[in-house]
Amino acid sequence: MNKKNKAKQISIIGLGYVGLPLALLADAKGCQVLGIDVDTKKVELVNKKKSPFEDKEVQKQLKESKLKASNDFSRIKDSSVIIICVPTPVYANHMPNLELVENAAKKVGEYLKKGQLVILESTVNPGVSEEIVRPILERSSGLVCSKDFYLAHCPERINPGDKKWNVRNINRIVGALSDKGLKLAVNFYRSIIDGDVKPMKSIKEAEAVKMVENSFRDINIAFVNELAIFFSKLGIDVVNVIEGAATKPFSFMPHFPGCGVGGHCIPIDPYYLIEYAKKHGFNHDFLALARRINSQMPEYAVEQVRMGLNEKKKSINGAKVAVLGLAYKPNIDDYRESPSFGIIKSLKSFGAKVASYDPFVLGKSSAKTLSKALKNVDAVVIATAHTKFISISPETYIKNGVKVVVDGRNCLNKDKFVNAGLVYKGIGR
Ligand code: SAJ
């Protein structure tokens with residue numbers, strides 16, 4: 001509890017993976033928090049102290065919190081700080097989709113009062129706060145930014161499923177359109193965050209930081225994915241090579257190959273930078289190449305299925321294949337941009353009959369239990385390294401008639417599966 005926060009009322013727009021943990025933290029630190037979401041179902045769940053998504057820690061904090069939720073934007077008028085935490089996806093053609101940010105800014109602008117601080121946490125490319133959000137707020141409020149109200153950017157750094165790093169202890173960076181706005185935003189975050197809060201020289205630099213963080217990860221994943229494809233031709237286990245390189249105690253950061261890059265950050269954010277650069281006559285060739293390599297990994301995984309079945313003199317056409325895992329990373333229920341869906345689509349394009357199963361994403365699973373998913377299948381693809389899948393024994397697969405196991409996350413003990421007589425195909429091993 002931070003005594004100074006007592007009087008502070010804040011509004012958080014968007015009660016998803018980013019907004020809800022932030023709202024709960026501010027509540028725990030003594031702020032009066034109003035959560036605003038256009039999704040009335042989500043508002044209802046939060047007011048009933050039920051987390052709208054699978055997260056044990058969020059659920060626990062929600063039970064203890066005084067957080068109120070509403071879909072009525074007019075209620076932000078009493079807040080000193082208004083934080084926009086809405087998704088920034090891309091369209092099917094990979095063009096940035098800022099509709100949710102624009103709509104939120106328009107609604108906030110309608111009720112904006114003098115002296116209020118607006119903070120954008122949604123991930124955006126440099127230029128969005130200044131060139132898109134500020135004009136919308138000014139037009140819909142009739143107020144002048146940096147004179148009547150303030151605008152800052154503090155990119156979210158939520159890492160779903162992370163047991164160590166959370167919204168309370170992760171360091172943050174903040175940029176704003178004026179010194180006053182920067183001071184207000186830095187002081188706000190320092191009043192609720194235990195980690196370091198670093199002020200940036202401009203709002204553009206703050207927007208650029210997040211783009212760099214996530215593009216850095218995407219290009220490093222693409223690097224090891226490309227290595228995986230070549231090294232497997234040489235019979236080199238790329239995972240062993242990466243683990244070997246990671247013994248170097250400095251200037252190496254291990255990333256690992258897989259059947260694709262999912263989530264609402266890594267496969268999305270680079271496109272914001274790529275498209276904005278194009279508008280300024282610059283081609284981000286390296287980022288674009290990394291996106292191409294990572295986007296092809298689902299097809300590469302399906303190629304392993306085809307080759308594995310071929311070793312058993314079976315065609316992929318007409319084969320029954322189980323895809324285990326729809327979530328984009330282990331033991332969470334988030335399936336946004338998950339490569340699993342690309343794998344399923346590609347398998348079907350080759351004429352395979354596909355069953356999918358994910359205990360965290362049953363609503364999207366074609367089979368509602370593991371045994372139903374594995375019944376009489378010829379091949380299995382582990383697309384998500386859920387703990388439950390790692391513990392499935394080779395014998396269980398063999399009992400169901402499985403001949404080929406494609407380990408899309410290199411999460412299995414290869415020798416165990418090979419020694420049991422199964423055809424094992426990893427990604428680069
Ligand atoms: N992936 C690989 N190889 C790797 C790491 C990840 O193929 O070596 C794949 C994962 O399977 C997944 C996707 O990439 O499909 C994204 O994985 P992620 O671990 O990056 O998970 P995210 O998307 O939740 O990323 C978040 C990001 N956090 C924010 O954007 C605030 C990212 O910045 C973090 O670096 C990342 O968590 C993290 O470090 O865990």
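As the structure lists them, so they are numbered: ligands from 1, and atoms in each ligand from 1.
For the pair K210 and E213, the salt-bridge criterion is not met [side-chain N within less than 4.0 Å of a carboxylate O].
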Note every protein N or O atom lying under 3.5 Å from an N or O atom of ligand 1, pairing the names and giving the distance.
unit_1	atom_1	unit_2	atom_2	d
ligand 1	3 (N)	F256	O	2.7
ligand 1	8 (O)	F256	N	2.7
ligand 1	8 (O)	F256	O	3.4
ligand 1	11 (O)	R409	NH1	3.2
ligand 1	15 (O)	G262	N	2.9
ligand 1	15 (O)	Y328	O	2.8
ligand 1	19 (O)	R217	NH2	2.9
ligand 1	20 (O)	R217	NE	2.6
ligand 1	21 (O)	K329	NZ	3.3
ligand 1	24 (O)	Y328	OH	2.8
ligand 1	24 (O)	K329	NZ	3.0
ligand 1	28 (N)	I158	O	3.4
ligand 1	30 (O)	N214	ND2	3.1
ligand 1	33 (O)	N214	OD1	2.5
ligand 1	37 (O)	N159	OD1	2.7
ligand 1	40 (O)	N159	OD1	3.2
ligand 1	40 (O)	N159	ND2	3.0

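Legend: side-chain hydrogen bond (donor to acceptor under 3.5 Å, both in side chains) pairs involving residues 160-170, not counting sequence neighbours, sorted by first then second residue: N159-D162. Note on residues 326-350: pairs passing salt bridge (charged side-chain N to carboxylate O under 4.0 Å, His left out), not counting sequence neighbours, are D334-R336.
H284 and F282 have perpendicular rings, their planes meeting at more than 60° on a 0 to 90° scale where under 30° would count as parallel.
Partner E44 forms a salt bridge (Lys or Arg N to Asp or Glu O under 4.0 Å) with one of K42, K48, K41 and no other, that one being K48.
For D55, the side-chain hydrogen bond (donor to acceptor under 3.5 Å, both in side chains) test picks out no residue, with sequence neighbours left out.
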